[in-house]
Novice: 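Quick one: this structure, given as structure tokens, is what I'll be asking you about.
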Amino acid sequence: MADAARLSNEGAVPRNPLKFLKDSFPAVVVITAVVMIVLPLHTIILDALIAVNLIFSLLVLLIVLYTQKPTEFSLFPTILLVATVFSLALNVSSTRLILTKGGRFDGRMIRSFSSFVVGSGGSEGIVIGFIIFIIIIAVQVVVITKGATRVSEVAARFTLDSMQVKFMAIETEYSSGSITEEEAQRRKAQVQKESDFYGSMDGASKFISGNVKIGVFVTVINVLGGIIIGVALHGEPIAYAVNNYISLSIGDGLVTQLPALLVSTAMGIVVTRAAATGVLSDQVEEQIFSRQTIVYWICAGVLVFLSVLPGFPWYVLLPMAALVGFHGYRIRRKNQREARFDGMMAKSRERKDEKTAEISPVVPLDSLSLELGYGLIPLVDKEKGAELLDRVQGVRRQSALDMGLVIPKVRIIDNMVLEPSEYCFKIKGVEAGRGKIRMNYYLCINPGTVTTEMPGEKTIDPVFGLPAIWIEPEKRDEAERLGYNIIDPPSIIATHLTEIIRRHGADILGLQNTQEILNTLRKEYPTVVEEVMREGAGLRVVEIQKILQGLLKERVSIRNMVSILESIADYAPVSKNIWFLTEKARQALASQICSQYADEDKKLRVLTIDPSLEQKLIDSRYETPSGIVSALDPPSQKMWISAVSRAYAAIRGKGWFPVILCSEQARFLVKNSTYRELPDLAVLSVHEIVQDIKPEAVGVIKLESQEKAE
């Protein structure tokens, strides 16, 4: 029974009749237009459909006039097709009724258009009406339709030709970090939309020209066929037949060609506004009626000159000259007011800046800055490409993707204290890295596979401290053949910036940055943020900042903020200890952390710690106001660091990345006790190993005394 009821409901008419009518309207219009060609209509229905056609065409024209951008009316090509078919169907229906009824034809719309255009009766009115009809058709065919068709062809061709160039420009901005991936996708979709629109307009313009030609053909058929039928079949006098059928044919032609004229005008406006944005009336006011006053005064002067010449209507020209001159005067007054206002605002800003400079006790430091010696200034010179600026933007974007940390804008300044070829990174005013590079030279680093050394100026890589050489540009091909890694000066600084961000991400993340992250997440995940920060069991922003800094300090990406906050929300009611919550956040990111250190075979090579040594570390745990630390006595700490360093060097010698695996209680103590001497050492707890990762023990960390005893 339930299934039967469900099936009957699926086949029933939707409960909302308005939505059903809205969804069915396009199909009804198209089917009605086709049926009209075949079935005869009553004259009342014909009058109603002619009125609908006229109003619809007027609406299309008004929509085009008030559209901000042509591509916003992307349905316009389809509208042209439907309007053309509907107009042709009206032509066929009216022709059938005119030829059938002859003098008894009672279509009010066609009769009204006929009498209005033809005007006076008799042969004179017929001739005048026919001439006016021919002029209207000629204007539409020769001027509007032909011009709009040509413009649409050219617009379509140039839009298609420039599409790839626009795509490349968007890709360049995206690669440099100037725009986000969402913005790049939006711009590409807009370019594709413009290409599709103007390509469709190129074909749709043929509908209008074809409609005009068919309209002329139908009018000729109405005249000739009507005279023949009226005289031969209806027995009407020849003069009456000529007068009647020509009058009705002119009315029929105008009643269908006038909407076509409105639609073709709309098409011409659309294709000629290819590069324009904004409402047409605003553009007219800005580009025509807001020009310099001299334009209107010259125009007024010409009108005055014409008014004094013999025979010219001074009573028309002088008022027009006064009107144009007054408009020029209004524009001048407006420009003067705007100039005075801009001057007052500029002075106000200057006074405000001076006042602020006088009373402000705070000189804020940049979160991240790059200082350059004067010899490196060409790297940021826009006239010379400003290649370094693009690289810095790319680094900021990549850091956001890799670390989940949106780096503030890097302030680049010149520092005369530095050597000409020297640069320096500072985080909140404190130096974080320094290096020297040679302009117009390449840095060559031996990756370990070079067998034949290349002569050059020996140096040290400023990023990783590896031995390297400087070579001239003409030796680059030779160095590449020998197997060297070739790095240009902008890439050196960009790579150094990337490493600075990876090492000092915790220092860059401030309290305000944390609040901005939470505000952004609150828009899409309000429940998660509210649960973490709810009153009572919730955390403060500064406590969330400390947890994120703890993750960044060990180079764990915080991009998956939702999982981090959900983990904090789960365990915050148990304890608000920052160390405890940081460990739980790491466990929520276990899959991400393991993938960071595992090889392609999902195998993780780890060092373990001797159980007695690990227990000794756990017993040395000591809580301070700033956190938990390992309080080993100095001799034990020295032996512990020595043991870790030996195991670290042995693993690096085999080409593996050193990872220590220990218990959850000892993980933070191991990392904290070795961070100063071995900051790159990765320490994982057993709870951070996911199922699809296969840990493989490749060594055990023991004190030297334990090794000798064994």
Side-chain angles (χ1 to χ4, degrees), residues 364-370 395-411 424-434 463-464 495-518 520-521 532 539-561 563-565 567-568 576-590 592-593 596-597 624-630 659-660 667-685 688:
L365 294 171
D366 298 311
S367 298
L368 182 59
S369 62
L370 169 60
V395 169
R396 292 180 62 218
R397 176 182 169 277
Q398 193 62 39
S399 298
L401 296 175
D402 294 343
M403 301 294 295
L405 178 63
V406 178
I407 304 300
K409 290 185 178 180
V410 180
R411 182 178 175 85
C424 174
F425 287 104
K426 289 185 177 180
I427 297 177
K428 299 178 181 177
V430 179
E431 182 177 326
R434 181 187 292 257
V463 182
F464 302 104
T495 305
H496 202 166
L497 174 60
T498 303
E499 191 63 20
I500 291 291
I501 294 172
R502 291 178 66 245
R503 292 179 180 177
H504 301 277
D507 300 326
I508 296 174
L509 180 67
L511 191 62
Q512 185 63 38
N513 304 124
T514 307
Q515 183 63 61
E516 291 173 357
I517 292 173
L518 294 175
T520 303
L521 283 175
V532 172
L539 299 179
R540 296 179 299 159
V541 178
V542 66
E543 293 171 327
I544 298 176
Q545 177 199 10
K546 296 300 181 184
I547 296 172
L548 298 180
Q549 286 178 332
L551 296 173
L552 290 172
K553 190 174 182 180
E554 298 191 44
R555 302 186 182 182
V556 177
S557 173
I558 61 172
R559 187 176 180 185
N560 190 0
M561 278 296 301
S563 296
I564 295 173
L565 294 181
S567 174
I568 295 174
K576 291 186 179 180
N577 184 283
I578 302 299
W579 163 81
F580 173 75
L581 294 177
T582 303
E583 293 300 310
K584 295 304 178 183
R586 285 180 58 93
Q587 293 172 18
L589 303 175
Q592 168 190 315
I593 295 174
Q596 186 175 344
Y597 300 111
T624 66
S626 58
I628 298 174
V629 297
S630 173
V659 177
I660 295 179
R667 197 211 70 82
F668 184 78
L669 297 171
V670 173
K671 182 62 182 178
N672 178 266
S673 62
T674 59
Y675 183 76
R676 184 182 298 274
E677 292 81 5
L678 300 169
D680 295 334
L681 180 65
V683 183
L684 275 65
S685 70
E688 295 171 9

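Positions are given from 1 along the sequence.
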Novice: Charged N to carboxylate O under 4.0 angstrom, Arg555 versus Asp680?
Specialist: yes
Novice: Write down the atom of Met561, the atom of Leu521, and the distance for their closest heavy-atom approach.
Specialist: CB-CD1, 3.4 Å
Novice: Using a 3.5 Å distance criterion without hydrogens, assess whether the side chain of Ser563 forms a donor-acceptor pair with backbone atoms of Ala588.
Specialist: no
Novice: How many angstroms lie between CG in Leu552 and CD1 in Ile558, if you round to the nearest 0.5 Å?
Specialist: 4.5 Å
Novice: For the backbone of Ile593 and the side chain of Glu688, can you confirm whether one donor and one acceptor N or O come within less than 3.5 Å of each other?
Specialist: no
Novice: If I compare all heavy atoms of Val670 with all of Ser673, which pair ends up nearest, and what's the gap?
Specialist: O-OG, 3.1 Å
Novice: For the CD1 atom of Ile500 and the CZ atom of Phe425, what is their distance to the nearest 0.5 Å?
Specialist: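 So the gap between those two atoms works out to 6.5 Å.
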Novice: Quick one: closest heavy-atom pair of Leu511 and Val542, and the distance?
Specialist: CD1-CA, 3.5 Å
Novice: Measure the spacing between CG of Leu551 and CG of Leu405 and express it to the nearest 0.5 Å.
Specialist: 12.0 Å
Novice: Look up atom CG in Asp507 and atom CD1 in Ile501, then write down how far apart they are to the nearest 0.5 Å.
Specialist: 12.5 Å
Novice: At what distance, to the nearest 0.5 angstrom, does CG of Leu370 lie from NZ of Lys426?
Specialist: 11.0 Å
Novice: Minimum heavy-atom separation for Glu499 and Val463, please, with both atom names.
Specialist: CB-CG1, 4.0 Å
Novice: Could you check whether any side-chain N or O of Lys671 sits under 3.5 Å from a backbone N or O of Leu681, counting only pairs where one atom can act as donor and the other as acceptor?
Specialist: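 Looks like yes, one N/O pair under 3.5 Å.
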Novice: Using the salt bridge (charged side-chain N to carboxylate O under 4.0 Å, His left out) criterion, which residues pair with Glu583? Sequence neighbours excluded.
Specialist: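 By the salt bridge (charged side-chain N to carboxylate O under 4.0 Å, His left out) rule, Glu583 matches Arg667.
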Novice: Between CD1 of Ile544 and CG of Leu539, what distance do you get to the nearest 0.5 Å?
Specialist: 5.5 Å
Novice: Closest heavy-atom contact between Ala585 and Ile547?
Specialist: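 It is CB-CG2, 4.4 Å.
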Novice: Just by distance, do the side chain of Arg396 and the backbone of Ile407 share a donor-acceptor pair under 3.5 Å?
Specialist: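 Checked: pair present.
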Novice: Just jot down the side chain to side chain contact (heavy atoms under 4.5 Å, CB included) partners of Pro408, sequence neighbours excluded, or say none.
Specialist: Ser367, Ile508
Novice: So Gln592 and Arg559, do their side chains get closer than 4.5 Å, heavy atoms only?
Specialist: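 A side-chain contact is absent here, since even the closest heavy-atom pair is not under 4.5 Å.
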Novice: Any side-chain to backbone donor/acceptor pair from Gln549 onto Leu509? Under 3.5 Å, distance only.
Specialist: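 Confirmed, Gln549 side chain pairs with Leu509 backbone.
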Novice: Looking only at heavy atoms, which two atoms of Asn672 and Ser630 are closest? And how far apart?
Specialist: OD1-N, 3.7 Å
Novice: Less than 4.0 Å between a side-chain N and a carboxylate O, is that true for Glu543 and Lys546?
Specialist: no
Novice: Contact between Phe668 and Thr582 at the side-chain level, heavy atoms closer than 4.5 Å - yes or no?
Specialist: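 Contact flag for Phe668/Thr582 side chains = no.
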